[in-house]
Structure formats: structure tokens, C-alpha cells
A.B. asks: 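First the structure, then my questions, so here it is.
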Amino acid sequence: MLHFREGRSCVRYKCGLLNTIQVVLRQRPGWVEVKDEGEWDFNWCDVGWLRENFDHSYMEEHVRINHFRNHYELTRKNLMVKNLKRYRKNLERDVGCMEASKCEFFPCTFALPSEYHLFVEEFKRSPGSTWIMKPVAKSQGKGIFLFRKLKDIMDWKKDGTRSEEQKDAAQVESYVAQRYIENPYLINGRKFDLRVYVLVTSYVPLKAWLYRDGFGRFSSTRFSLSSIDDKYMHLTNVAVQKTAPDYDPEKGCKWQLQQLRRYLTAKHGRETIETLFKEIDNIFVRSLQSVQKVIINDKHCFELYGYDILLDQNLKPWLIEVNASPSHTPSSQEDYEMKCSLLEDTLNVVDMEGRLTGKEKRVGGYDLMWNDGPVYREDVNLGTFGSACFSANTHLGCVNDREKQLRRLLKPFPGQKRM
Ligand code: ADP
């Protein structure tokens, strides 16, 4: 008989998704699926379920669910930028310009139609530049297009000349207009972005974990600014690239982060790439801090975010967006294995089994990145003058010897042999 938190004999889970997470939950020793209205201890739901049910659910102390109630404050494109802009302004007021400048990692963005006039002012300041229009609540590249002329976005102009009736009929979807990164870092002439996983187990205090693995998502067509209508060239979403006429399912369009970090290190040297990865860490922490006071903190909730980061030719990382429901649908065997490990380790950190002490800095492929303040590595080096030289406890794109680490860390489930 297994014993979990509070002496329970199993974890009753509910799962609203039909992909890798379903497989991982099924295989977990002592976890039992409940269907329909059955009572659950753990729920991996989609955001639609959350919207409909969260407010009417009573949750006992030990229960866990995979989203925060208002997760969209970070994961909807317009709200993310609104929160980041406010955070930057507050930093400038309270701490100064230097600190505020550490938030310059998102491209200039306007919400349309509400900020149309502000957008036009900015647009006119740099004639000829390229912008990207994105529906705020869609994903997988749906509804996105690039433009260089105002006439291409006339539908999103606030039109004072229309009658109320016409306005209603012409209700336009909310979009963001964002400066297009015109100089992406290219490998073999192709653009890519990074998909990185961050797990938040609490907002107050902020506790965030960074997964070591992730991947680069490449476009299948050589990059050029001469044709802005080719989505296979400009959008790196796998959902888009999969439909490209020359897409090769064997090869896919992904590089593992380890491979990417090695490539970049060989090309630019260790120090430069360490600085780049530090800047990427800064993006995770600042973006989470920007919503820390807005997200309704709830001890039952955790969230596995999928961050999209784009590098430009100066090796500056840009935050493109944060996903609340990063795809767990695998695109290859390697991808499947990575996603299974990611999800297993997410469950290990959430720890329904009660096997952790709460003081861990590493659980499998996750490193604790922020715990109400920066987290440092155990191996403190003494600097030249004997002073300790701390480095952050993050290992993005580094070796992920998770199984070895888990064997050391976790007691086996009672009655189960060690891995
Ligand atoms: P979605 O939620 O539909 O995936 P994203 O904001 O992630 O929307 O954009 C889709 C893709 O478009 C990104 O993966 C990236 O390749 C490209 N992209 C988005 N915004 C920009 C930008 N400002 N500059 C350059 N490329 C961008």
C-alpha cells in the first residue's frame, strides 16, 4: 500500500488533455484517474475548464491544479506587455533608470484598436520598418501577419466616423502591433526561436524553477526581409512549419537546447554565451515579477510556462511570448522523451507524494532559479580577493543527468524498486 501526503493511499487525478501528460500520469505509480464529476486530488486541466469551474470548486489543503486563476495576465500577449510596461515604469520611479533598463527585452508593442493613435506616432518615427500583427488570444501562429504600410491594418483603426451600429457590426478582434525583429540570429540562413520551460510553484513568495532542456524551433525557409508574406520564413511555430511543402517529419525543425548552446559556445566563446544565458534568466525573473502582484496567488496552483525567446544578430535575447499551455504533443521520438521527462519532473517538484523536504535546489531536470530572491549554486568559488563569487543556480542547455540526480534525491515509492 502506497502512502502519499496525509496518509492517502493513492492520488486521484483528473486530466483534460489527450497527449503526453495523459501518458505520464497513467504511468505514475499509485496515481488513479477519475472521470467526469469524480473527486480529485490533482487536476491537469485546460484553461477552458479552469474558466468554467475554478470559482465553484472547493479545494482541500492537499489538492493541486496546473494553472493560476488569472494566468492570462502573463500569457495573453496584450496583458503581458501591459504588465511589463507598468513594472518598468515603477522600477524607473522607485529604483532608477539603470534598473528599469533591465526590462528592455520585449519589442515595442501596442494594443489595437485601443492604442492605435500611439502606435501611429511610433510607426511614423521609423518609416519603412517592419511590424507584426498578432491576435492577442490565439496561438500556433494563427492570424499573424507582417506589414509595412498603415493601410494594411485599417480594420483595427478606431473609427470615429462610424455610427454605433456600424461599430458593433465591425467589432474587431483585439490584436497587438509589435516591432518585428528584423535582424534575427540565423543558423544556416534560417531563423529560430527558443522554447524554454519555467515552473512556478508560488507567486508570493515567488518560487520558480527552470528546466535544463528545451529546444530551438527553426523555420524551413532561408530568412530574408524582401518577402514579408511568407509565413514559413518568418514564423517559427512548429504548427506552422509542419505544413510547409518541404517539411521533413524525420528531421523536424527542432534542435535541442544543449546542441544549440554548444553551437553558440563554439562560435562565440564561453563568456559571451554565459552572458547571453544570464540575460535570458533575467527575462524569466523580471517577467514573473511583473505579474507577481497581479496574479491571484493560491497554494493549490502551479503553472508550467513555455517561454518563447528570439535572439538577434547582436546576441540579444527578446521575449516574444509566454504560453500557459505549451504543446506537449511530440514531433519526434527525441521530443517525446524530453516532454515525458519534463512532465515527470514537474510532478516530482509538485510532489503529491510528499517525498521532498521543501529545501531542494534541484529536482531532476529542474533547478530552483528564484526563491523569494536569487538562488545560488552550491559550489561557491572563492574569487581573486578571497570574496565569494556567486553564480546563479541555472543550467539552461547544460547536461541533464536527471535520472542520476533523482535516484539520489528521492526515496523510492514504498514497495517499489529503485530505478
Ligand atoms: P503564437 O502565440 O501564435 O505562437 P507568437 O507571438 O509566439 O504567436 O509568434 C509566432 C512566431 O512569430 C514566433 O514564434 C516568432 O517566430 C515570430 N514572431 C513573433 N513576434 C515576433 C517579433 N516581434 N519579431 C520577430 N519574429 C516574431
Side-chain angles (χ1 to χ4, degrees), residues 46-47 71-72 74-82 84-85 104-112 119 122-123 126 129-148 153 173-187 189-198 214-225 227-244 247 252-255 257 260 280 283 287 305-329 331:
D46 58 35
V47 293
H71 63 86
Y72 44 78
L74 185 60
T75 56
R76 204 165 288 162
K77 297 175 177 69
N78 52 343
L79 296 180
M80 175 185 91
V81 171
K82 186 179 108 188
L84 280 167
K85 283 182 182 171
E104 302 297 336
F105 51 71
F106 56 101
C108 178
T109 308
F110 297 92
L112 296 190
F119 161 69
E122 182 65 30
F123 180 87
S126 49
S129 56
T130 314
W131 291 75
I132 185 166
M133 275 284 270
K134 309 194 270 191
V136 298
K138 290 208 174 110
S139 61
Q140 303 191 320
K142 286 184 202 121
I144 297 184
F145 62 93
L146 274 60
F147 68 97
R148 290 194 183 120
I153 59 155
E173 197 178 349
S174 298
Y175 270 65
V176 291
Q178 185 171 75
R179 228 175 232 293
Y180 188 65
I181 309 293
E182 292 179 329
N183 60 338
Y185 190 96
L186 304 178
I187 296 182
R190 282 159 182 86
K191 170 180 172 174
F192 63 93
D193 69 359
L194 310 178
R195 165 53 62 85
V196 185
Y197 297 95
V198 173
F215 45 86
R217 307 181 298 180
F218 282 79
S219 68
S220 53
T221 310
R222 291 180 82 82
F223 184 81
S224 141
L225 276 175
S227 62
I228 58 169
D229 297 325
D230 186 345
K231 62 180 177 178
Y232 299 122
M233 183 189 290
H234 295 287
L235 311 186
T236 52
N237 307 67
V238 176
V240 170
Q241 295 300 328
K242 263 206 281 207
T243 66
Y247 179 74
C253 49
K254 289 182 179 171
W255 275 23
L257 261 184
L260 205 58
I280 298 179
I283 295 183
S287 56
Y305 294 109
Y307 272 76
D308 292 347
I309 308 276
L310 188 78
L311 307 183
D312 72 16
Q313 278 163 15
N314 306 316
L315 281 178
K316 175 182 166 67
W318 293 91
L319 174 60
I320 298 299
E321 79 158 339
V322 186
N323 289 278
S325 310
S327 163
H328 302 310
T329 309
S331 57

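Both counts, for ligands and for their atoms, begin at 1 and track the order of listing. Numbering starts at 1 and runs along the sequence shown. The figures that follow rest on heavy atoms only: side chains count, while hydrogens, waters and symmetry mates do not.
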A.B. asks: Which of the numbered atoms in ligand 1 are below 4.0 angstrom from a heavy atom of K138?
C.D. replies: 2 (O)

A.B. asks: With a cut-off of 4.0 Å, which atoms of ligand 1 are near a heavy atom of H234?
C.D. replies: 16 (O), 17 (C)

A.B. asks: Does G141, backbone or side chain, put an N or O under 3.5 Å from an N or O of ligand 1?
C.D. replies: yes

A.B. asks: Any salt bridge between E173 and K138, counting N to O under 4.0 Å?
C.D. replies: yes

A.B. asks: With no hydrogens and no angle check, just 3.5 Å: does a side-chain donor-acceptor pair link Y305 and S287?
C.D. replies: no

A.B. asks: Is it the case that the side chains of K254 and S331 hold a donor-acceptor pair, with the cut-off being a distance below 3.5 Å and no angle test?
C.D. replies: yes

A.B. asks: Treating Q178 as the side-chain partner and K134 as the backbone partner, does any N or O pair qualify as donor plus acceptor under 3.5 Å?
C.D. replies: no

A.B. asks: With no hydrogens and no angle check, is any side-chain donor or acceptor of D312 less than 3.5 Å from a backbone partner on N314?
C.D. replies: yes

A.B. asks: Below 4.0 Å, non-hydrogen atoms only: which portion of L310 touches ligand 1? Side chain, backbone, both or neither.
C.D. replies: side chain

A.B. asks: Return the residue, atom name and 0.1 Å-rounded distance of the protein heavy atom closest to atom 12 (O) of ligand 1.
C.D. replies: L235 CD2, 3.3 Å

A.B. asks: Distance alone, cut at 3.5 Å: any donor-acceptor contact between the side chains of Y180 and S129?
C.D. replies: no

A.B. asks: Does N237 reach ligand 1 with a nitrogen or oxygen that is under 3.5 Å from one of the ligand's nitrogen or oxygen atoms?
C.D. replies: yes

A.B. asks: Donor-acceptor check, side chain of Q241 to backbone of L235, threshold 3.5 angstrom: yes or no?
C.D. replies: yes

A.B. asks: Can you tell if the side chain of K191 reaches within under 4.5 Å of the side chain of L186, non-hydrogen atoms only?
C.D. replies: yes

A.B. asks: Which atoms of ligand 1 are found less than 4.0 Å from any heavy atom of K134?
C.D. replies: 6 (O), 19 (C), 20 (N)

A.B. asks: Which residues satisfy the side-chain hydrogen bond (donor to acceptor under 3.5 Å, both in side chains) test with K316, sequence neighbours excluded?
C.D. replies: none

A.B. asks: With a cut-off of 4.0 Å, which atoms of ligand 1 are near a heavy atom of Q178?
C.D. replies: 20 (N), 21 (C), 22 (C), 23 (N)

A.B. asks: Looking only at protein heavy atoms, which one is nearest to atom 18 (N) of ligand 1, and how far off is it?
C.D. replies: I132 CD1, 3.8 Å

A.B. asks: With a cut-off of under 6.0 Å to the ring centre and 45° to the axis, is K85 in cation-pi contact with F110?
C.D. replies: yes

A.B. asks: With heavy-atom distances below 4.0 Å as the criterion, list the atoms of ligand 1 near T236.
C.D. replies: 13 (C), 14 (O), 15 (C), 16 (O)

A.B. asks: For atom 1 (P) of ligand 1, grab the closest protein heavy atom and report residue, atom and distance to one decimal in Å.
C.D. replies: E321 OE2, 3.3 Å

A.B. asks: Would you check if W131 and I153 make a side-chain contact, meaning some heavy-atom pair closer than 4.5 Å?
C.D. replies: no

A.B. asks: Show which atoms of ligand 1 fall inside a sub-4.0 Å distance from at least one heavy-atom site of I181.
C.D. replies: 22 (C), 24 (N), 25 (C)

A.B. asks: Counting non-hydrogen protein atoms only, what is the nearest one to atom 25 (C) of ligand 1? Give residue, atom name and distance.
C.D. replies: Y180 CE1, 3.2 Å

A.B. asks: Check for a donor-acceptor pair, side chain of Q313 on one end and backbone N or O of P184 on the other, with a separation under 3.5 Å.
C.D. replies: yes

A.B. asks: Can you pull out the closest protein heavy atom to atom 14 (O) of ligand 1? Residue, atom name and distance to 0.1 Å, please.
C.D. replies: D193 OD2, 2.8 Å

A.B. asks: Just heavy atoms, cut-off under 4.0 Å: does K191 contact ligand 1 by side chain, backbone, both, or neither?
C.D. replies: side chain

A.B. asks: Which atoms of ligand 1 have any heavy atom of R217 under 4.0 Å away?
C.D. replies: 14 (O)

A.B. asks: For ligand 1, which part of K77 has a heavy atom less than 4.0 Å away: the side chain, the backbone, both, or neither?
C.D. replies: side chain

A.B. asks: Check whether any heavy atom of E182 sits under 4.0 Å from an atom of ligand 1.
C.D. replies: no

A.B. asks: I need the atoms of ligand 1 closer than 4.0 Å to a non-hydrogen atom of D308, numbered in the order shown.
C.D. replies: 7 (O)

A.B. asks: Counting non-hydrogen protein atoms only, what is the nearest one to atom 9 (O) of ligand 1? Give residue, atom name and distance.
C.D. replies: I144 CD1, 3.7 Å

